[in-house]
Amino acid sequence: MPENGPGKPGARKNTPGKGASGKNSPGKNTPAKNASGKNASGKAGARKPAPRKNALTERQTPWGTITFFAVIGLVAAVAIGFAFMQTRSSADAGKIAGLVSKDEPGREHVTTSVKYDATPPMGGNHDPVWQNCGVYGSALRNENAVHSLEHGAVWITYRPDLPKDQVVKLSAKVGATAYTLLSPYPGLDAPIVLSAWGKQVKVQDAGDKRVDEFLRAFVRGPQTPEPGAPCTGGKATA
C-alpha cells in the first residue's frame with residue numbers, strides 16, 4: 001500500500017503529550033489555576049496573621065511592686081543603721097572618762113566672728129561654709145570648723161608644741177577615719193582636745209584609749225544635728 005509522502009494532505013505527526021489543540025494534555029501533577037492566577041480552590045496562599053498577644057495571660061514584670069519593696073528595704077536599712085548608731089554611742093560614750101556634754105541650741109549661719117563659751121567650741125552659730133575634713137598644719141577658723149561638727153565631724157586639736165611623734169599618731173588616725181579634722185590650736189589647757197557637737201574630752205597623750213573611744217562614739221554619731229551632710233566641698237584651707 002502506498003504511504004503518505006511528505007507534504008501530502010492527511011499527514012500528521014505523532015507528537016507525544018499534545019492533544020488535538022496542540023497544548024499539553026493534562027496529566028501533570030500541577031494544580032489548575034484560574035484567570036486571576038489563584039489556585040482553583042480559591043486560596044491565594046497568603047500568610048496567616050500572627051496570633052495576637054493576650055494582655056490578660058501574658059506575664060509582665062511587676063516593676064511597681066519591686067520599687068515599693070526596694071523603698072521599704074531602704075527605709076528599714078536607714079532605721080536600723082540609725083538605731084545602731086544610737087546604741088553604739090550610748091554604750092561607748094558611757095565609758096569615756098572626763099567626757100563633757102553641753103546643749104548647743106544655736107545653729108544659725110553668720111558671716112561675723114562668734115564668741116564661743118568653750119575652747120575649742122563644741123557647737124553654736126557658725127559660718128555658712130564648713131571646713132573640709134582632713135589634716136591641717138595651721139589653726140582653723142572656729143566658725144568654719146563648728147559647721148563641720150554640725151555635719152557629724154570630730155575635730156581634734158592640739159597645742160602647737162605637741163611633740164612631733166604625737167602629731168604623727170593623730171594624723172594617722174584622721175587619715176584612716178572619715179569625718180575628722182586635725183589642727184593646732186593655741187591656748188589649749190590640755191595637750192589634746194577632741195570635740196564633737198555638744199561633746200568634748202581632753203587627753204594628755206595621743207595614745208590615750210579615749211581618743212579611739214571618742215571617735216567610735218561621735219564620728220557621725222547620734223548627736224549630729226545634720227546627719228548625712230558632707231565634710232568635703234567646703235573650705236579647703238586653714
Side-chain angles (χ1 to χ4, degrees), residues 78 81-82 84-86 88-89 92-93 96 99-102 104 106-111 113-114 116 118-160 162 164-186 188 190-203 206-238:
V78 172
F82 182 71
F84 169 75
M85 285 198 305
Q86 286 187 315
R88 174 204 65 176
S89 181
D92 292 349
I96 302 175
L99 177 68
V100 174
S101 297
K102 182 179 181 295
E104 292 285 2
R107 289 177 50 201
E108 298 297 324
H109 287 178
V110 296
T111 56
S113 298
V114 178
Y116 296 102
T119 303
M122 295 182 277
N125 295 338
H126 49 269
D127 194 270
V129 181
W130 59 88
Q131 189 75 41
N132 286 350
C133 287
V135 176
Y136 295 89
S138 303
L140 301 177
R141 186 168 177 264
N142 284 333
E143 291 78 9
N144 299 105
V146 168
H147 195 156
S148 299
L149 302 186
E150 185 183 39
H151 291 186
V154 167
W155 184 18
I156 305 176
T157 51
Y158 60 90
R159 288 175 179 167
L162 188 71
K164 186 175 181 180
D165 65 316
Q166 297 281 294
V167 177
V168 170
K169 287 182 180 179
L170 295 174
S171 298
K173 291 184 184 295
V174 170
T177 310
Y179 279 77
T180 55
L181 304 93
L182 176 67
S183 69
Y185 199 106
L188 292 180
I192 301 169
V193 181
L194 290 88
S195 306
W197 187 274
K199 307 291 181 181
Q200 193 171 85
V201 70
K202 299 176 181 180
V203 301
D208 193 311
K209 67 176 184 178
R210 291 177 294 170
V211 174
D212 289 338
E213 289 173 352
F214 194 92
L215 294 175
R216 282 196 300 267
F218 299 118
V219 169
R220 303 178 75 181
Q223 86 291 339
T224 304
E226 293 185 4
C231 203
T232 58
K235 186 181 179 185
T237 58

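Rounding to the nearest 0.5 angstrom, the gap separating the OG atom in Ser148 from the CD atom in Glu226 is 11.0 Å. Note that the CG atom of Asn144 and the CG atom of Leu149 stand 11.0 Å from one another [nearest 0.5 Å]. Going from atom CE of Met122 over to atom OG of Ser101 covers 8.0 Å, rounded to the nearest 0.5 Å. Between the CD atom of Gln200 and the CG atom of Leu99 there is a distance of 9.5 Å, given to the nearest 0.5 Å. Rounded to the nearest 0.5 Å, atoms CG (Asn142) and CH2 (Trp155) are 4.5 Å apart. Here the straight-line distance linking atom NZ of Lys169 with atom CG of Asp208 works out to 11.0 Å at 0.5 Å rounding.
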> Yes or no on side-chain contact (heavy atoms from CB on, under 4.5 Å) for Asp212 and Lys173, after CA distance, side-chain angles and deciding distance?
Replying inline: CA-CA 9 Å; Asp212 289 338; Lys173 291 184 184 295; 2.9 Å; yes

>> If you apply the rule side-chain contact (heavy atoms from CB on, under 4.5 Å), what do you find for Val114 with Val146, and how did you get there?
In response: CA-CA 10 Å; Val114 178; Val146 168; over 6 Å; no

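Evaluated for a side chain to side chain contact (heavy atoms under 4.5 Å, CB included) with Lys235, the options Gln131, Glu143, His147 yield exactly one hit, Gln131.
At distances below 3.5 Å, not a single donor-acceptor pair connects side-chain atoms of Arg210 with backbone N or O atoms of Ile96. Not one N or O on the side chain of Asp127 forms a donor-acceptor pair closer than 3.5 Å with the backbone of Thr111. Tyr185 contributes no side-chain N or O that, together with a main-chain N or O of Ile192, makes up a donor-acceptor pair within less than 3.5 Å. Formation of a donor-acceptor pair under 3.5 Å by the Asn132 side chain with backbone atoms of Gly233 is found in this model. In terms of modelled atom types and a separation under 3.5 Å, the side chain of Glu104 and the main chain of Trp197 share no donor-acceptor contact. A donor-acceptor pair is defined here as one N or O able to donate and one able to accept, closer than 3.5 Å; such a pair exists between the side chain of Thr157 and the backbone of Val193.
Side chains of Thr180 and Val219 form a contact here, defined as non-hydrogen atoms less than 4.5 Å apart. Contact check for Trp130 versus Glu150: no side-chain heavy atoms found under the 4.5 Å cut-off. Annotation: side chain of Leu188 is in contact with side chain of Pro120 (closest heavy-atom distance under 4.5 Å). Side-chain contact between Phe218 and Val201: absent, with no pair of heavy atoms (C-beta onward) separated by less than 4.5 Å.
The two residues Gln223 and Ala196 have their closest heavy-atom pair at NE2-CB, 4.0 Å. When all heavy atoms of Ala217 and Pro222 are compared, the pair lying nearest together is O-CD, 4.2 Å. Residues Val211 and Ala206 share a closest heavy-atom pair of CG2-O, 3.9 Å. When all heavy atoms of Val203 and Pro191 are compared, the closest pair comes out as O-CD, 3.6 Å. Nearest heavy atoms, Tyr136 versus Ala236: CE2-O, 3.5 Å. The two residues His126 and Arg107 make their nearest non-hydrogen contact at CE1-O, 3.7 Å.
More than 12 heavy atoms of other shown residues, nucleotides or ligands fall within 6.0 angstrom of atom NZ in Lys102.
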